[in-house]
*Asks:* 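Just passing along the structure, written as structure tokens.
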Amino acid sequence: MDALIDQLKGEIIEQLNLEDLKKEDIDADAPLFGEGLGLDSIDALELIVLLEKNHGIKIANPADGKKIFQSIRSMAEFIKANKK
Amino acid sequence: MEAYIKGLGIVSPQKTFDTNDFLSEVVEHNSKSLNCIEPSYKELLNPTLARRMSRIIKMSIAASTVCLRDAKIEIPDAIMTGTALGCLEDTEKFLLAIIENEEQFLTPTSFIQSTHNTVSAQIALQLKCMNYNFTYVHKGFSFESAVLDGLMTIAEGEAKNVLVGGHDEMTEKFYRVCDRIGYWKKEDDVPTMELFESKTSGSIAGEGAAFFMLSHEKTENCYAKLRGIKTIYKPESNIEIEAKISELLSSKGLTANDIDVVVYGINGDCRYDKTYNHLKDSLFKKSTSTYFKHLCGEYQTSGSFAMWMAAKMIKTQTIPSAVLIGKNKSKQIKNVLIYNTFLDTDHSVFLLSQC
């Protein structure tokens with residue numbers, strides 16, 4: 001799980017151009033939206049594409065998005081549970 | 001239609017970002033593509049928005065911010081920009097992603113930022129400015145169209161202070177495409193500071209973002225008065241060009257003899273320099289001749305660099321030696337005329353006078 005969290009941190013920094021952040025600056029349990037990283041709705045779309053492109057996972061039910069994108073850890077758990 | 005230039009801000013291949021400086025140090029690129037010298041964006045841009053911005057958006061926001069500060073205006077009554085290429089880097093990124101990912105996994109950011117009106121929109125977003133906002137995309141007349149709209153809006157009393165700008169960026173891919181159709185010089189070594197002397201075809205590529213605050217009222221810090229602009233599409237002869245210039249001058253009660261300095265858009269391409277040479281040796285033989293594309297390169301909205309240069313010459317009453325062609329014949333700089341053409345198709349004339 002730790003390796004996947006570390007990988008996700010790197011992917012998010014690159015995809016969302018979080019140039020000033022390093023992996024160690026990001027708390028895996030901190031909220032991604034609002035507080036924490038302070039991401040917005042455009043970033044949410046980027047994260048959906050990231051899941052599909054890098055991990056081959058589509059979010060079937062959009063209502064699950066809020067739970068999946070709660071934090072980096074929740075994203076990692078979702079990937080682990082759905083990876084074929 | 002006239003307006004005062006109350007403030008300006010420019011990011012260019014020269015050290016022009018400091019509004020108090022006027023080409024005190026000229027940067028010799030000696031390259032066929034001149035890239036902008038970018039300022040530090042940290043104190044100028046909202047970091048949340050900046051992380052999504054491409055180079056041209058950052059340069060434009062920085063130039064417009066400096067312009068607003070220079071004019072001491074927080075919210076303009078209107079924002080008009082001109083750009084031929086829009087946000088080219090993001091367009092390339094988006095199109096490349098379509099090809100590489102076989103039309104799947106398309107991310108929204110580069111698509112959203114790739115539109116031509118992104119810069120105008122981002123300026124408005126940063127300022128929370130809900131006023132008139134327009135972007136003109138007309139190749140070599142893009143900046144000129146924005147200026148014309150600015151002058152008309154002020155003349156009709158719909159706005160008092162209008163932010164007008166021109167911006168275009170050069171990317172590696174676009175440079176290569178243009179190179180194939182003969183835009184740029186073929187020789188390996190191009191001494192840019194000797195561009196005026198060049199006898200070969202092709203020019204050097206450039207880019208830039210320049211913004212001006214046009215105002216209805218004269219203030220102490222005004223740079224110059226923008227007295228008029230004229231565009232000429234594919235003129236048939238030098239006679240037609242001379243007639244259009246004379247028309248503009250006479251409408252302001254001036255003749256060619258009243259023009260102290262002419263800023264020519266000479267770009268070192270022997271195919272297109274004939275008009276400039278003709279004007280220099282006939283209509284404006286008594287005026288001081290200057291040029292600017294050796295400093296900023298050739299691009300569709302380069303007229304904005306010329307307007308910055310003319311406004312600075314009038315305000316400082318100086319002509320930097322790097323832009324002079326021949327001798328400085330002017331004791332005082334009252335009236336400056338800009339004559340510029342992009343590929344001999346889009347010709348434009350700007351008239352600026354001392355306030």
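Excluded from the calculations below are hydrogen atoms, water molecules and symmetry mates; all remaining heavy atoms, backbone and side chain alike, are included. All values reported here derive from a predicted model rather than from experimental measurement.
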*Asks:* Within a reach of under 6.0 Å around CD of Glu14(A), are more than 12 heavy atoms found that belong to other residues, nucleotides or ligands?
*Replies:* no
*Asks:* Give a yes or no on this: more than 12 heavy atoms of other residues, nucleotides or ligands lie within 6.0 Å of atom OH of Tyr41(B).
*Replies:*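 Enclosed.
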*Asks:* What residues of residues 60-82 of chain A sit under 4.5 Å from chain B when only non-hydrogen atoms are counted?
*Replies:*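 Residues of residues 60-82 of chain A touching chain B at under 4.5 Å: none.
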*Asks:* With a 4.5 angstrom heavy-atom cut-off, which part of Ile112(B) approaches chain A: side chain, backbone, both or neither?
*Replies:*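 Just the side chain, heavy atoms under 4.5 Å.
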*Asks:* Does atom CD of Glu24(A) have more than 12 heavy-atom neighbours, drawn from other residues, nucleotides or ligands, at distances under 6.0 Å?
*Replies:*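 Counting neighbours around CD of Glu24(A), more than 12 heavy atoms of other residues, nucleotides or ligands fall under 6.0 Å, so yes.
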*Asks:* Excluding sequence neighbours, so at least two apart, what forms side-chain contact (heavy atoms from CB on, under 4.5 Å) with Arg176(B)?
*Replies:*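 Partners of Arg176(B) under the side-chain contact (heavy atoms from CB on, under 4.5 Å) test: Glu172(B), Lys173(B).
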*Asks:* Which residues from residues 46-55 of chain A are near chain B, with near meaning under 4.5 Å between non-hydrogen atoms?
*Replies:* Glu46(A), Val49(A), Glu52(A), Lys53(A)
*Asks:* Going by the rule salt bridge (Lys or Arg N to Asp or Glu O under 4.0 Å), which residues pair with Asp40(A) if we only count those two or more places apart in sequence or in a different chain?
*Replies:* Arg52(B)
*Asks:* How many angstroms lie between CG in Leu45(A) and OG1 in Thr109(B), if you round to the nearest 0.5 Å?
*Replies:*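 Nearest 0.5 Å value for the CG-OG1 distance: 8.5 Å.
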